[in-house]
Amino acid sequence: GQQVMQIPQYQHVQEGEDFTTYCNSSTTLSNIQWYKQRPGGHPVFLIQLVKSGEVKKQKRLTFQFGEAKKNSSLHITATQTTDVGTYFCAGPMEYGNKLVFGAGTILRVKS
Amino acid sequence: EPEVTQTPSHQVTQMGQEVILRCVPISNHLYFYWYRQILGQKVEFLVSFYNNEISEKSEIFDDQFSVERPDGSNFTLKIRSTKLEDSAMYFCAVGWGDDSPLHFGNGTRLTVT
């Protein structure tokens, strides 16, 4: 079945360092979405990418959708302690309307 | 202001008991979902609900689970006879369309003892 894989599982960085999480789908995606979940919180929508090769920025966060629309990345420049949490990518199933989440990357930032 | 309110925030129940988790969307969303997250693990799809009926469900969503939207506002998830492995955080989510982003509620932490 369709799978969404995410690496790394866990990343611990020093405040000010950069961070990147990668997402790969076994099938072509119509779009990819990124969510952030703070410890003890719920997933919060960050962004949606639709076009092949699309790059979007939100302040220190850069999101990219691959040319083949099967992979995506989230890059955070100069991490801050407020960036801690789990970052999930999610893509819609090929058929149907369910969103399949990757396993998430846990980001810890040491100040 | 959250788009989805979930109650209760925490439910403790004994194995074999029935539980009902509630979700109240604030706006007139079209699509409703239940997801669950076992502690420290991924967010897993349970069921989607559109036009007052189930549109899709996962293999987790067996006969013990049911959903309904009885009064056009509350969206409920019922687990008929809870098992220990049902212990998880259950999130309600809403969306406007097929590929639209989801807005999650704060979740209900279910603990089955």
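Residue numbering restarts at 1 for every chain, and letters A, B, ... go by the order of the sequence lines.
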Identify the two heavy atoms, one from B:Tyr35 and one from A:Leu99, that lie closest to each other, and give their separation to 0.1 Å. OH-O, 2.8 Å
Please determine whether the number of non-hydrogen atoms from other residues, nucleotides or ligands lying under 6.0 Å from atom CD of A:Gln58 exceeds 12. yes
Scanning both residues in full, the closest heavy-atom pair of A:Phe101 with B:Lys42 reads O-CE, 3.2 Å
Reported NZ-to-OG distance for the pair A:Lys98 and B:Ser55, which is rounded to 0.5 angstrom: 11.0 Å
Got a sec: does the CD of B:Gln14 have more than 12 other heavy atoms crowding it under 6.0 Å? no
For the side chain of B:Gln37 and the backbone of A:His42, is there at least one donor-acceptor N/O pair under 3.5 Å apart? no
Chain B contact via A:Gln37 - which portion, at a heavy-atom distance below 4.5 Å: side chain
Does CZ belonging to A:Arg38 count more than 12 external heavy atoms closer than 6.0 Å? no
Checking one residue: A:Phe65. Which other hydrophobic residues are in its cluster under the side-chain 4.5 Å linking rule? A:Val13, A:Phe19, A:Leu29, A:Ile32, A:Trp34, A:Leu46, A:Ile47, A:Leu49, A:Leu61, A:Phe63, A:Leu74, A:Ile76, A:Val84, A:Tyr87, A:Leu107, A:Val109
Which atom pair, heavy atoms only, marks the closest approach of B:Leu102 to A:Tyr35? N-OH, 2.9 Å
With B:Glu44 via salt bridge (Lys or Arg N to Asp or Glu O under 4.0 Å) - residues at least two apart: B:Arg36
